[in-house]
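Remarks on the structure that follows.
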Amino acid sequence: MIDYDGRRFRPAEAAESGRVAIYRQDGDLLWGEFTGGRARRGSLAGRCAPDGSLDFAYCIVLDSGEVISGHCRSTPEFRSDGGVDLREEWERFGAHASTGVSYLTEIR
C-alpha cells in the first residue's frame, strides 16, 4: 500500500495552476484538503486500497460561492523519481453533473 500521508499534489493541467491538495492517511482511511485555482476550499474523504488506488467523495466551494460535490476513483502511476501521479476518474453530482478524467502530479 502507498502511504499518502503528507503527500502534496497539483493538477497536471496548466489551466488549474495554483491548486494544491494535501492528503492524509491512517491505514486505509484517506482524507485531504485543497485550495487554489477556482477552489476557495475543498475536502475529500475515502479509502486507499492495497494497490494504492483511491476511492473517495469530495466537496468544493468555488470562488463564485457555488458548492460542488462528487465521487472520484484515482489510480496511481509511479514516476522514476519516486513520485506518484494520479489518474482521476471523477463524477460530479447535482446541478453541475458531469464526468471526466484528470491527472494530478505529486509535488516533490
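Quick caveat: nothing in here was measured; it's all calculated off a predicted structure. Positions are given from 1, in the same order as the sequence printed here.
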Partner set under side-chain hydrogen bond (donor to acceptor under 3.5 Å, both in side chains) for R40, not counting sequence neighbours: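 None.
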Would you please name every residue forming a side-chain hydrogen bond (donor to acceptor under 3.5 Å, both in side chains) with T99, sequence neighbours left out?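 Per chain and number, T99 pairs via side-chain hydrogen bond (donor to acceptor under 3.5 Å, both in side chains) with no residue.
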Can you list everything that forms a salt bridge (Lys or Arg N to Asp or Glu O under 4.0 Å) with [X]? Sequence neighbours excluded, please.
X	answer
D26	none
D85	R79
E77	none
R24	none

Lys/Arg N to Asp/Glu carboxylate O, D28 vs R47, below 4.0 Å: yes
Separation of E66 CD from R38 CZ (nearest 0.5 Å):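 Reported value, rounded in 0.5 Å steps: 7.5 Å.
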Nearest 0.5 angstrom please: R87 CZ to R73 CZ, how far?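 The distance works out to 11.5 Å.
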Which hydrophobic side chains are connected to [X], either touching it within the sub-4.5 Å cutoff or through other members that do?
X	value
V67	V61
Y103	V101
L29	W31
W90	I2, Y4, F9, Y23, L30, F34, L44, L54, F56, Y58, I60, L62, I68, F78, V84, L86, L104

Is there side-chain contact between I22 and E33, with heavy atoms separated by less than 4.5 Å?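 No. Closest side-chain heavy atoms not under 4.5 Å.
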Provide the full list of salt bridge (Lys or Arg N to Asp or Glu O under 4.0 Å) pairs with a residue in residues 93-108, sequence neighbours left out, each pair given once. R7-E106, E106-R108
For A49, give me all partners under side-chain contact (heavy atoms from CB on, under 4.5 Å), at least two apart in sequence or on another chain. D51, S53
